[in-house]
Amino acid sequence: MLNNIGLPGLLLIAVVVLVLFGRGKISSLMGEVGRGITAFKKGVDDGSKDIEDSLADPKDVTPHEHEDVAARPVDADVADKSRHS
């Protein structure tokens, strides 16, 4: 159905929209659309940079084999409860 619009149909739609909304309203709407597209592109670029940075600098997440359990800080409340039990 939309394949049959053609140039005269598009011009008619453009004229009707211009009459209904006015030139100022359409101009401000197009400005908002442009700012939205710019913000979207910036967000995509920032996201891809974050991904590239995280892939370029891998972090070591393996647990240490000789980790001393006694060296970990113990909460005072937990220590008191275990003494009274």
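Source: prediction; values computed, not measured.
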Reported CG-to-CG distance for the pair Leu18 and Leu11, which is rounded to 0.5 angstrom: 12.0 Å
Do Phe21 and Ile13 share a hydrophobic cluster, counting only Ile, Leu, Val, Met, Phe, Trp and Tyr and linking them when any side-chain heavy atoms are less than 4.5 Å apart? yes
Enumerate the salt bridge (Lys or Arg N to Asp or Glu O under 4.0 Å) contacts for residues 10-37, please, sequence neighbours excluded, ordered by first and then second residue. Glu32-Arg35
Output side-chain donor-acceptor pairs under 3.5 Å for residues 42-50, partner residues at least two apart or in another chain, one line each.
| from | atom 1 | to | atom 2 | distance (Å) |
| --- | --- | --- | --- | --- |
| Ser48 | OG | Val44 | O | 3.3 |
| Ser48 | OG | Asp45 | O | 2.9 |

State plainly whether one hydrophobic cluster holds both Leu20 and Ile26, where clusters connect Ile, Leu, Val, Met, Phe, Trp and Tyr through side-chain heavy atoms under 4.5 angstrom apart. yes
Listed by chain and number, what are the side-chain contact (heavy atoms from CB on, under 4.5 Å) partners of Ile37, not counting sequence neighbours? Val33, Lys41
